[in-house]
**Q** 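Below is a structure I'd like to ask you about.
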Amino acid sequence: MASAGDLCTGLEATDVLSTKCTLTWKVPSNLSSDATQLRLEFRLEGSDGEWSAVVLPTSQTSHTVEALLPATIYRFRIRVILSSGPATDATTPLRVETPIGLPQPPKNFAISRRTPNSLTLSWRPGHDGGKAVEAYEIQYHSLGPSFSEWSKAQVKRSPIIIKSLVEHARYEVRVRSRTAFGWSEPCSPCEASLDDHCAIPTPAAPTALAVTETVGALKLDVQAGCAAEGLVFLLFSKTSSASDWVSLKARTMPHKGGPTFCLSVDRSALDNGDENHLMVRARNECGLGPASNILTYVSTPKEPTLRVKKIGHSSTVLEWTENASPHTEYELSMLREGAREWTVLKTDLKRAICIKRNLDAKTSYTFRIRTHVRDRWSPYSNLLTVTTKSLDEVLTRLREKVHSSFASQHVLQPQMFFFHRHMVLDQSIEALSRIPIPMWACDFFISFAGEEGSDYGALHREWLRMFIDQLAHPDRALFTHIQHGLAQPSHLHHHQDGSLALFRLLGLALARALLRDCRVATRFSPIVYKYFLGQSASLDDLSAIDPELHRNLEWLRANDVSSLGLTFAHEVKEFDVVKTVALLPGGEGMPVTNQNKEEFIKLRCHAHLASLIEEPLKAMQQGFQTLIPTTLSSDLSVADLQLALCGSSVLSVHEWKRATLLTDNMRAFPQTIKDFWDIVAEMTPQQRTQLLAFTTASAALPPGGFSSLNPKFTLEAMMNGPPGALPVAHACFCVLELPVWHDYETQRSKLLMAISETSGYGIV
């Protein structure tokens with residue numbers, strides 16, 4: 001219900017001119033929350049017709065009404081529109097009289113008859129601006145190759161005949177009116193060719209009377225400018241920021257006379273939140289007549305339609321229908337599963353697409369969006385609910401696609417490899433350099449010299465982890481370890497022969513580790529993972545790699561740099577020798593100013609993150625994307641890829657116990673089971689990692705934790721072991737055989753001895 005607090009007050013007219021006036025009012029400070037818009041209404045005094053209206057935001061306290069008639073009395077009023085019901089009562093109508101002004105252009109101007117050397121023109125007087133029309137001026141000139149300047153002739157009335165024209169020429173004609181106050185603007189011109197083909201005139205300009213809103217449609221009342229059968233009336237529109245008119249509607253008038261009729265158009269074509277100018281033109285077989293007067297319709301932006309383009313593990317890509325106005329911005333909101341309040345994510349989106357990252361896995365989120373144009377908001381879009389996937393689901397789908405791709409090439413034949421543990425890196429480089437790329441997708445069966453173990457997956461995982469970790473070790477001089485122990489390609493790599501081939505080999509190995517669910521100990525800098533995923537580096541990447549340089553560049557961004565003497569160059573140190581490297585051609589002599597410092601920061605960041613190590617990064621990228629192209633990895637983020645390759649090092653005893661399987665013979669010894677978990681609970685984090693690696697051949701968990709281990713961690717009782725036997729791991733199957741000890745301390749000492757003092761396979 002409307003209240004007294006919802007009524008505007010103080011409606012006044014200021015700056016009243018002959019064709020426009022400015023109105024001001026006061027909006028109550030206690031305006032109710034369901035007040036959505038203001039409606040400024042006006043009409044001629046004494047008229048019983050519909051009120052013309054302009055819809056305005058509730059925050060607006062003034063508006064200039066244009067296209068008024070001079071020397072005319074108008075009535076203005078304003079009311080508040082409520083979302084919960086009908087509009088409030090309007091203010092008392094304000095009487096405004098516009099002063100005398102220039103006359104309006106003549107209307108319904110048309111060529112009523114043509115002969116080979118004459119034109120008959122007719123029109124109706126426009127508004128005289130408060131003074132009587134004293135004369136009209138006919139203006140005409142020829143078009144085409146015989147183009148001429150405007151010729152002018154003053155006449156007293158309509159119609160008039162222009163004679164002595166050139167036969168077969170094409171003319172453009174127009175007319176304007178004069179009062180004691182001055183000349184009007186010319187009306188819209190008409191064109192005609194002087195031939196004896198037909199004597200049908202082009203139609204006169206119609207008059208656009210009023211525009212009204214209905215549910216789903218916009219109606220324009222039009223008065224025809226002349227009596228003729230078969231006229232087609234075309235409705236055109238354009239926004240205030242556009243230069244071209246767009247045709248929206250065409251309607252044929254089948255009867256004679258000059259009636260007032262209605263052109264109706266779907267509002268969706270105009271609900272863009274902008275000012276839409278509307279005009280009508282009539283057309284017959286002789287051509288398109290001049291334009292009517294222009295009416296303005298201020299629309300509410302149409303609500304967009306929200307769609308999901310892609311769903312990933314911790315991200316989703318949303319898209320929506322785009323609004324036509326160049327002033328459009330979008331506000332995206334999100335409601336998390338179980339939450340009560342919406343979170344506004346973005347308020348200044350420009351493009352009709354958004355990628356939302358850092359979502360929780362396997363969680364439902366509801367999104368909505370609305371359009372903002374100038375000071376107007378559209379209704380909210382449809383509600384779109386998205387349930388994110390688990391990282392395990394994303395990785396499983398990726399592995400299936402890669403396997404399917406290589407299976408179609410008939411290359412999935414198993415490959416056998418034999419290595420010595422103390423020479424595993426060099427022997428692996430030699431062996432892997434010889435196999436063709438498609439063979440990287442095959443099964444590898446690994447055996448080590450002097451060991452009896454058979455490879456059902458565990459030996460392969462151990463070998464692949466050893467190969468990657470040793471190749472990325474700083475001792476190889478291919479990588480340096482930066483902040484937090486992250487490995488980054490060294491800019492000194494080129495001092496080692498064949499380094500790019502090794503980087504490419506490492507990229508292939510990391511792709512294989514991802515496909516074979518093998519976790520590695522080496523964690524690389526974010527820029528490495530970004531290159532794998534086809535993403536570009538940014539200044540944010542610098543904060544984790546070189547915090548000092550990151551702080552310096554951020555300082556440059558926030559402060560005056562004109563007196564620092566910087567140039568577009570930076571220093572690089574190689575073996576205690578400092579070299580100056582230009583950031584762009586001639587950069588050593590180009591000063592950094594406040595105007596170009598953003599470009600300097602961008603180039604300096606790129607130089608530090610990529611340029612010095614761009615070759616090894618691209619070599620690793622080439623190797624990785626040979627097996628996993630970006631079309632298959634687009635659902636992964638940098639954090640996802642790092643977690644998938646390096647796993648989780650957080651080992652919760654509670655989750656470990658809950659996800660563990662027990663064989664039937666193990667269940668017969670509940671005390672041994674209890675003692676085992678008590679021992680695990682007392683272990684240091686390092687000892688738990690050793691136990692996990694001993695049993696699964698991996699020192700880290702997959703992204704989903706213990707529940708994602710495949711096969712599951714299993715405890716089995718050793719029934720026929722020799723006295724004093726140590727626990728035995730079957731790492732290919734994640735099975736740990738426990739001898740049945742009858743005291744806690746014996747079990748603890750034997751278990752710690754097994755995980756810390758054994759290596760390789762075939763040891764009992």
Side-chain angles (χ1 to χ4, degrees), residues 313 391-392 394-403 405-406 412 414-415 417 419 424-425 428-429 431-433 435 437-446 455-473 476 478-479 486-487 489 502-526 528-533 617 619-630 632-633 636-649 692-693 696-704 708-710 731-732 734:
H313 157 239
L391 183 53
D392 286 336
V394 174
L395 294 173
T396 298
R397 181 61 177 157
L398 183 149
R399 289 161 184 154
E400 289 173 350
K401 288 182 178 180
V402 173
H403 184 273
S405 172
F406 282 97
L412 300 183
Q415 301 294 305
F417 295 95
F419 302 114
V424 66
L425 180 58
S428 298
I429 292 173
L432 296 176
S433 299
I435 66 172
I437 292 299
M439 294 301 176
W440 278 86
C442 303
D443 289 330
F444 287 3
F445 291 99
I446 308 297
D455 188 7
Y456 291 97
L459 284 173
H460 170 264
R461 291 196 298 271
E462 185 191 18
W463 160 78
L464 190 55
R465 184 179 70 251
M466 291 168 57
F467 172 69
I468 292 172
D469 292 342
Q470 289 184 28
L471 189 58
H473 196 277
R476 293 288 303 187
L478 295 176
F479 286 84
L486 300 178
L502 294 178
F503 281 114
R504 180 171 172 271
L505 206 60
L506 182 57
L508 283 163
L510 286 166
R512 182 174 179 85
L514 184 65
L515 296 175
R516 297 290 168 151
D517 196 21
C518 174
R519 266 81 60 197
V520 300
T522 303
R523 294 178 181 269
F524 297 91
S525 65
V528 174
Y529 301 119
K530 282 192 170 185
Y531 264 69
F532 287 167
L533 299 176
L617 283 173
M620 292 178 68
Q621 179 189 57
Q622 181 186 12
F624 187 91
Q625 294 181 0
T626 298
L627 294 183
I628 307 177
T630 54
L632 299 183
S633 63
L636 295 175
S637 66
V638 169
D640 294 338
L641 184 56
Q642 184 185 59
L643 181 60
L645 285 171
C646 301
S648 172
S649 58
L692 181 67
T696 68
S698 177
L701 291 172
S708 295
L709 277 175
N710 188 21
C732 296
C734 297

**Q** Heavy atoms, side chains only, cut-off 4.5 Å: are Val528 and Pro489 in contact?
**A** yes

**Q** Rounded to the nearest 0.5 Å, what's the gap from OG1 on Thr630 to CD on Gln621? Could you check?
**A**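 CD of Gln621 is found 8.5 Å from OG1 of Thr630.
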
**Q** Identify the heavy atoms of Leu505 and Ser433 that sit nearest to each other, and give their distance.
**A** CD2-OG, 4.1 Å

**Q** Any heavy-atom pair between the side chains of Arg516 and Asp443 that's under 4.5 Å?
**A**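 Touching, per the 4.5 Å side-chain cut-off.
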
**Q** Give, for atom CG of Leu514 and atom CG of Leu645, the distance between the pair rounded to the nearest 0.5 Å.
**A** 5.0 Å

**Q** Roughly how far apart are Leu617 CG and Gln622 CD, rounded to 0.5 Å?
**A** 13.0 Å

**Q** Would a 4.5 Å heavy-atom cut-off, applied to side chains only, mark Leu471 and Thr522 as touching?
**A**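 Result no, sub-4.5 Å side-chain heavy-atom pair not found.
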
**Q** How close do Ile446 and Leu459 get, counting heavy atoms only, and between which atoms?
**A** O-CD1, 3.4 Å

**Q** Of all heavy-atom pairs between Thr696 and Cys734, which one has the smallest distance, and what is that distance?
**A**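 The answer is CG2-SG, 3.7 Å.
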
**Q** Can the positive tip of Arg512 be found less than 6.0 Å from the middle of the six-membered ring of Phe444, inside 45° of the ring normal?
**A**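 Checked: cation-pi criterion met.
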
**Q** Taking all atoms of both residues into account, what is the closest heavy-atom pair of Arg519 and Leu709, and its distance?
**A**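 Reported closest heavy-atom pair: NH2-CD2, 4.2 Å.
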
**Q** Counting the benzene-type ring for Trp, do Phe624 and Tyr529 have ring centres under 6.0 Å apart?
**A** no

**Q** According to the interplanar angle, ranging from 0 to 90°, do the rings of Phe467 and Trp463 count as parallel (below 30°), tilted (30 to 60°) or perpendicular (above 60°)?
**A** parallel

**Q** Drop me the distance from Ile468's CD1 to Cys518's SG, to the nearest 0.5 angstrom.
**A** 6.0 Å

**Q** Taking the side chain as C-beta and beyond, is there a heavy-atom pair between Ser405 and Val402 under 4.5 Å?
**A**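 No - every pair of side-chain heavy atoms lies 4.5 Å or more apart.
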
**Q** Distance from Arg523 atom CZ to Asp469 atom CG, nearest 0.5 Å?
**A**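 Arg523 atom CZ to Asp469 atom CG measures 11.0 Å (nearest 0.5 Å).
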
**Q** For residues Trp440 and Leu432, determine if any side-chain heavy atom of one lies less than 4.5 Å from a side-chain heavy atom of the other.
**A** yes

**Q** Do the non-hydrogen side-chain atoms of Asp640 and Val394 ever get within less than 4.5 Å of each other?
**A** no

**Q** Check this for me, if you would: do Asp392 and Arg399 make a salt bridge, where the nitrogen-to-carboxylate-oxygen distance has to be below 4.0 angstrom?
**A**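 Looking at Arg399 together with Asp392, the answer is no, because their closest N to O distance does not fall below 4.0 Å.
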
**Q** Within the side chain of Gln470, is there an N or O that forms a donor-acceptor pair under 3.5 Å with the backbone of Arg476?
**A** no

**Q** Could you give me the CA-CA distance, side-chain angles and deciding distance for Val424 and Phe417, then say whether side-chain contact (heavy atoms from CB on, under 4.5 Å) is met?
**A** CA-CA 11 Å; Val424 66; Phe417 295 95; over 6 Å; no

**Q** Taking all atoms of both residues into account, what is the closest heavy-atom pair of Arg465 and Val520, and its distance?
**A**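 That would be CG-CA, 3.9 Å.
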
**Q** Where is the tightest heavy-atom contact between Pro526 and Leu486, given as atom of each residue plus distance?
**A** CD-CD1, 4.1 Å

**Q** Determine whether a donor-acceptor pair (N or O, by modelled atom type, separation under 3.5 Å) exists between the side chain of Gln415 and the backbone of Phe445.
**A**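 No, Gln415 side chain to Phe445 backbone: no donor-acceptor pair under 3.5 Å.
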
**Q** Do Leu425 and His473 make a side-chain contact, defined as non-hydrogen atoms from C-beta onward lying under 4.5 Å apart?
**A** no

**Q** Quick one, Leu510 and Phe532 - any side-chain contact, counting heavy atoms below 4.5 Å?
**A** yes

**Q** Could you go step by step and tell me if Leu508 and Ile437 meet the side-chain contact (heavy atoms from CB on, under 4.5 Å) rule?
**A** CA-CA 9 Å; Leu508 283 163; Ile437 292 299; 3.7 Å; yes

**Q** To the nearest 0.5 Å, how far apart are OG in Ser633 and CG in Leu395?
**A** 11.0 Å

